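Sequence lines set the chain letters: A, B, ... in the order given, protein chains first and strands last, and positions in each chain run from 1. Being a predicted model, the structure only gives us computed values, none of them experimental.
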Number of protein chains: 2
Amino acid sequence: MIELRSLPELCIQRRRESACSTCGAREFSVCGSLAPGDLAELDAIAEHIGLQAGDPLVHEGDAATSLFNVTSGSMRIYKLLPDGRRQITGFLFTGDFIGLASGDTHAFSVEAIEDTSLCRFRKSEYRALARERPALESALLNRAAHELSAAQNQMLLLGRKTARERVATFLVDLPDRDPARPSVGGVVHLPMTRSEIADYLGLTIETVSRELTKLKTAGIVTLLSLHSLRVEQPERLRAIAEGVQERSALSA
Amino acid sequence: MIELRSLPELCIQRRRESACSTCGAREFSVCGSLAPGDLAELDAIAEHIGLQAGDPLVHEGDAATSLFNVTSGSMRIYKLLPDGRRQITGFLFTGDFIGLASGDTHAFSVEAIEDTSLCRFRKSEYRALARERPALESALLNRAAHELSAAQNQMLLLGRKTARERVATFLVDLPDRDPARPSVGGVVHLPMTRSEIADYLGLTIETVSRELTKLKTAGIVTLLSLHSLRVEQPERLRAIAEGVQERSALSA
DNA sequence: CGAGTCGTTGAAACACTTCAAGGCTTGTGG
DNA sequence: CCACAAGCCTTGAAGTGTTTCAACGACTCG
């Protein structure tokens, strides 16, 4: 029922002795300052999964028996209305958790955006381990706290920001989300489509496209390809994201 | 940094031997199935606080040294943009927690809507207790999970629902939020103003007022007073909330 | 090369906001 | 007890940011 995102600085990567025979994954990430003993036990109950772009992982209404940790790639988590309207509530990257909630069914769907690998923990085994190792539970609570804070920021965006502010906020925040692909020289990697960005920001694809074009025309960003751009004026982008209006320019 | 709301069914009320000498509060609520020993220890470190309508509890940017549990009344939790635009990210009622996050400053503000009483726990004391009593940490994680699920629902509302669907959703969900004031015969108590409802739903006060009027005209609700109404046709209200469009009526 | 998917751009439509006026309620002071 | 000011809410009319509808361009794949 819930999904917990990592903060890069809280993540430590632990390399396995050898690649998993099933899926080839070589590492998995856990959050917080876990002791080596905790890591070893966590490792012991992990099962590796590989997904191709577009593959579903969980579907709204599914029984929630497992807990997942993304080890590479990116995913979308979303909710649907009966008529098909979609709200993407988050993108998941390396280190993010999925499905920690206490309920017995998922209240959202999760699909792979690109080829993605994960670790799966059976919830029963995980809970048993968490009882023995309180640091695990504590680390998860920390993640939940950060995730809630991010959710509040997103509510502010969806409820009160203009289209331009939403797109700017998205470009400012995204680079910090994926620890596996740190931003270099202001280059932002966008694995998702315009449609996914739109459904994440509560806009249409046309509006996203138009606002990106305006940011480009204003010289604030340069579009390198459909899935990457470079931020040329980070301070202006940040100002727009925070709702600090610019007098002229960008109006048209 | 985070705020955790209770689910009524998870809350147990525990009556104190006598009223608190400072504020007069007689009970506080904790979540989950805590053992009597845990309750007693929690009780021992609790400090009682009373607020009047409008009083602030925490301000965005404040150092986060305490953790609060609402024992009566209602509060608003919100974030602001520099130009004053406000997004209320949640309303808090009896049993709800405030400030569980790990960070050292609050990322939101909290104010009392009506006269409200709370229990305060010093974070350091609480964490020490949680280390000894894992059930406490576990109960908080459950709360965080439910809160995250609610946040995802709100993102769906803010990003993809129409004004009418938002107001309908609000009226459907609100009665279940306050365990201290259960809904009887479809009567919904609204302690907050239209302005607060608007800032919660990402609308203006005029739009909220108009949509309430339309629901009244359609015979779906009856306005009893400014701060209470009765739902006459719950199934129609629920259908609207879920985005199931009605053919005719309600159009104007 | 044609089909399909995804993205961009323009024009028209519309849902919601903004601006404006008035009503209702509450509290205060003469 | 009434007058009056101050909030809060409702309602109407005009304005606008975003959506919807439509066409076209770019890229990928068989």
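- Residue Ser195(A) places no side-chain N or O under 4.0 Å from the OP1 or OP2 atom of dC6(C).
- The nearest whole Å value for the distance from the CD1 atom in Ile205(A) to the P atom in dT19(D) is 11 Å.
- A salt bridge does not link Glu211(B) with Lys161(B): every distance from a Lys NZ or Arg NE/NH1/NH2 to an Asp or Glu carboxylate oxygen is 4.0 Å or more.
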Working note: Arg194(A) + Leu212(A), criterion side chain to side chain contact (heavy atoms under 4.5 Å, CB included); need CA distance, chi angles, decisive distance, verdict. CA-CA 10 Å; Arg194(A) 296 290 185 273; Leu212(A) 282 175; 3.6 Å; yes
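- Counting heavy-atom neighbours within 6.0 Å of Arg238(B) CZ, excluding the residue itself, gives a total of 12 or less.
- As a whole-Å value, the separation of Leu212(B) CG from dT11(D) P is 10 Å.
- Of the possible polar contacts, one joining the His227(A) side chain to the Leu190(A) backbone as a donor-acceptor pair under 3.5 Å is found.
- In this structure, the side chains of Val167(A) and Lys214(A) stay at 4.5 Å or more apart for every pair of heavy atoms.
- Whole-Å rounding puts the Arg194(B) CZ to dT10(D) C1' distance at 9 Å.
- Checked against Leu158(B) for a side-chain contact (heavy atoms from CB on, under 4.5 Å), the options Gln87(A), Gln154(A), Met155(A) give a single hit: Met155(A).
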Quick tally for nucleotides 24-30 of chain D: nucleotides whose base has a protein heavy atom under 4.0 Å get B, sugar-phosphate-only ones S, the rest -, giving -------
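- With axes fitted over five pairs at each extremity, the angle between the ends of the helix from dC1(C)-dG30(D) to dG30(C)-dC1(D) is 30° (10° resolution).
- We find that NE2 of His227(A) is positioned 15 Å from P of dT5(C), with the value rounded to whole Å.
- In summary, the side chains of Glu111(A) and Tyr78(A) do present a donor paired with an acceptor at a separation below 3.5 Å, with no hydrogens or angles considered.
- Between the C1' atom of dC6(C) and the CE atom of Met192(A) lies a distance of 16 Å, rounded to the nearest Å.
- Computed from coordinates, the Leu215(B) CG to dT10(D) C1' distance equals 15 Å when rounded to whole Å.
- Tested against Ser109(B) for a side-chain contact (heavy atoms from CB on, under 4.5 Å), the candidates His59(B), Lys79(B), Arg76(B) yield a single pass: His59(B).
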Could you walk me through whether Tyr200(A) and Leu157(A) pass the side chain to side chain contact (heavy atoms under 4.5 Å, CB included) check? CA-CA 10 Å; Tyr200(A) 178 62; Leu157(A) 178 149; over 6 Å; no
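- Nucleotide dC24(C) holds its C1' atom 14 Å from the CG atom of Leu223(B), rounded to whole Å.
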Could you list all N or O pairs between the protein and nucleotides 12-18 of chain C that sit under 3.5 Å apart?
unit_1: dC16(C); atom_1: OP1; unit_2: Ala163(B); atom_2: N; d: 2.7
unit_1: dT17(C); atom_1: OP2; unit_2: Thr204(B); atom_2: N; d: 3.4
unit_1: dT17(C); atom_1: OP2; unit_2: Thr204(B); atom_2: OG1; d: 3.2
unit_1: dT17(C); atom_1: OP2; unit_2: Thr207(B); atom_2: OG1; d: 2.4
unit_1: dT18(C); atom_1: O4; unit_2: Arg210(B); atom_2: NH2; d: 2.9

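- Annotation: side chain of Val187(B) is not in contact with side chain of His189(B) (no heavy-atom distance under 4.5 Å).
- You'll find the side chain of Leu156(B) stays beyond 4.5 Å of the side chain of Thr89(A), heavy atoms only.
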